[in-house]
Number of protein chains: 2
Amino acid sequence: MSEHPVNTVLLHEMGFRVTAQRRTVLEVIAASPGHLTAEQVYERARKVNPHISLATVYRTLNVLTEAGLIKQRHISPDHARSHFETAEAQDHFHFRCLNCGRVVEFRNDAAVRLFVDGLRGVPGVGRILDICTCVEGYCEACAPQAATR
Amino acid sequence: MSEHPVNTVLLHEMGFRVTAQRRTVLEVIAASPGHLTAEQVYERARKVNPHISLATVYRTLNVLTEAGLIKQRHISPDHARSHFETAEAQDHFHFRCLNCGRVVEFRNDAAVRLFVDGLRGVPGVGRILDICTCVEGYCEACAPQAATR
DNA sequence: TTCCTTGCAAAGTATTTGCAAGATT
DNA sequence: AATCTTGCAAATACTTTGCAAGGAA
């Protein structure tokens, strides 16, 4: 994992100190496709640096989010817990089946563009940084049974 | 508030028992424009029926959501806590300023339609029941300062 | 040397649950 | 009468925080 050089320059430029823990957390997220929960980041980070604590992971996730190096996501299956991914990750959305919990990822750049364009006309809206869309319903397998309910 | 007759028939038809507490919670939500947190529902409900408990409010919110009488929302300002509104409420979305916390509500039916249409082509997706979109960025007032950061 | 960051444990917030008593069908 | 609901308090899940020790600048 240490073969993945991560961008700590930005962190430094923003006045944050570059510590081993912060580097590790950033490495873990950069090396993982998709998104991780704080707990998952913690599990993977402690394999690299066993002395990292969960509290530090949480604090680091907040710092990295502030610095714009990672993005915090709220994915439909469980809104209670946050998920994190690199800021460079391409936008994707989640459809979740209310019956079986299955999650399908999808993209829809045209709709996003329409959303963003529409927002430009809304008074009070300045710069748009992130859009999070969660769709809920029934998957193909569950839709038939769900209809009876 | 009791002048608002609420639809308990659906509840009954689905095999749920119609209790004073459930009627109260439904009335509270139906009488409130916008969305309420569980805590807010609790506060308003106990003014009507002082013996209702917070646990019952939570259980009732889940029942009513299952029954399709209300909708659960996860709104950007605090994803940690759920918000509820009547199922009839028209879809609207939230833009939140990351700097000052200001929230702007907006609608974009065309974009939603495009989203839904796009989802029809995605394998695994059956019936779509709900879409929740949260947008984050900087409001007009905060955008200039934020640019320097 | 200054002051930011960490680890630990404790606290906080939102929500769920076990169980006995009570209400609905 | 049978079964679902409620209230209470305790439990759970995720995240934050106070404080003293440690580390980056």
Side-chain angles (χ1 to χ4, degrees), chain A residues 6 8-29 35-43 45-46 48-67 69-84 101, chain B residues 6 8-26 28-29 35-43 45-46 48-67 69-84:
Chain A
V6 285
T8 54
V9 179
L10 248 161
L11 209 53
H12 188 256
E13 278 175 357
M14 293 187 76
F16 293 111
R17 292 192 176 170
V18 178
T19 66
Q21 288 90 333
R22 289 178 176 174
R23 202 179 276 116
T24 301
V25 168
L26 204 44
E27 274 172 13
V28 163
I29 295 176
H35 21 71
L36 303 173
T37 63
E39 194 73 37
Q40 290 172 319
V41 171
Y42 174 55
E43 290 308 332
R46 68 193 314 196
V48 183
N49 177 356
H51 285 313
I52 196 167
S53 75
L54 183 55
T56 296
V57 169
Y58 273 106
R59 279 189 277 229
T60 303
L61 289 172
N62 289 336
V63 165
L64 297 179
T65 301
E66 258 191 78
L69 292 173
I70 63 175
K71 283 193 176 182
Q72 181 175 21
R73 297 286 181 193
H74 299 94
I75 296 175
S76 197
D78 57 337
H79 266 269
R81 137 173 61 190
S82 293
H83 297 247
F84 299 85
Chain B
V6 285
T8 55
V9 179
L10 248 161
L11 209 51
H12 188 257
E13 278 175 357
M14 294 187 78
F16 293 111
R17 292 193 176 169
V18 179
T19 66
Q21 288 90 335
R22 287 177 179 175
R23 203 177 277 116
T24 301
V25 168
L26 204 43
V28 164
I29 295 176
H35 21 69
L36 303 173
T37 63
E39 195 74 36
Q40 290 173 320
V41 171
Y42 174 53
E43 290 307 334
R46 66 193 315 194
V48 182
N49 176 356
H51 285 313
I52 196 167
S53 76
L54 183 55
T56 295
V57 168
Y58 272 106
R59 279 189 278 228
T60 302
L61 289 172
N62 288 336
V63 165
L64 297 180
T65 302
E66 258 190 81
L69 293 174
I70 62 174
K71 283 193 175 181
Q72 182 176 20
R73 299 284 181 194
H74 298 94
I75 295 175
S76 196
D78 57 336
H79 266 269
R81 143 173 55 191
S82 294
H83 297 247
F84 299 85

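Below, read A as the first sequence line, B as the second, and so on, with proteins coming before strands; counting in each chain starts at 1. Please read these numbers as outputs of a predicted model, since none were measured by experiment.
- Within the structure, every side-chain polar atom (N or O) of A:Q21 is placed at least 4.0 Å from both OP1 and OP2 of D:dG23.
- Looking at B:L64 and B:L11, their side chains come closer than 4.5 Å, going by heavy atoms from C-beta outward.
- The closest side-chain heavy-atom distance from A:T60 to A:T24 is not below 4.5 Å.
- Every residue meeting the side chain to side chain donor-acceptor pair (under 3.5 Å) condition with B:R46, not counting sequence neighbours, appears here in chain and number order: B:Y42.
- One atom, CG of A:L11, and another, C1' of C:dT5, lie 12 Å apart when rounded to the nearest Å.
- When all heavy atoms of A:H35 and A:H83 are compared, the pair lying nearest together is CB-CB, 3.9 Å.
- Under the salt bridge (charged side-chain N to carboxylate O under 4.0 Å, His left out) criterion, A:R73 pairs with A:E85, A:D91, A:D130, not counting sequence neighbours.
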Dump the pairs, protein N or O against N or O of nucleotides 21-25 of chain C, anything under 3.5 Å, distances to one decimal.
from: C:dT24; atom 1: O2; to: B:R17; atom 2: NH1; distance (Å): 2.7
from: C:dT24; atom 1: O2; to: B:R17; atom 2: NH2; distance (Å): 3.4
from: C:dT25; atom 1: OP1; to: B:V18; atom 2: N; distance (Å): 3.3

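- Taking five base pairs at each end of the helix from C:dT1-D:dA25 to C:dT25-D:dA1 and finding the rotation axis that steps the C1' atoms of four pairs onto the next four gives two axes whose angle is 40°, to the nearest 10°.
- Residue A:E39 is out of contact with every strand shown, counting any heavy-atom pair closer than 4.0 Å.
- In this structure A:Q21 satisfies the side chain to side chain donor-acceptor pair (under 3.5 Å) test with no other residue, sequence neighbours excluded.
- The interatomic distance linking A:E66 (CD) with C:dC4 (C1') rounds to 14 Å, in whole Å.
- Atoms CD (A:Q40) and C1' (D:dC14) sit 14 Å apart, rounded to a whole Å.
- Rounded to a whole Å, the CG atom of B:L61 is 15 Å from the P atom of C:dT17.
- Between B:R23 atom CZ and D:dT5 atom P the separation is 14 Å, expressed in whole Å.
- Residue A:N62 contributes atom CG, which lies 13 Å from atom P of C:dT5 at whole-angstrom precision.
- In this model, the phosphate group of C:dT15 is approached by a side-chain N or O of B:S82 to a distance below 4.0 Å at OP1 or OP2.
- Taking the side chain of A:A38 as heavy atoms from C-beta on, and the options D:dT15, C:dT15, D:dT6, the nearest nucleotide is D:dT15.
- Between B:L54 atom CG and C:dT15 atom P there is a gap of 9 Å when expressed in whole angstrom units.
- D:dA11 atom P lies 19 Å from atom OH of B:Y58, rounded to whole Å.
- Between A:V25 and A:T56 the shortest side-chain heavy-atom distance does not fall below 4.5 Å.
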Set out, line by line, the N/O atom pairs under 3.5 Å between protein and nucleotides 8-10 of chain C.
from: C:dC8; atom 1: N4; to: A:R59; atom 2: NH2; distance (Å): 3.4

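- Between the side chain of A:R23 and the backbone N or O of A:T8 there is no donor-acceptor pair closer than 3.5 Å.
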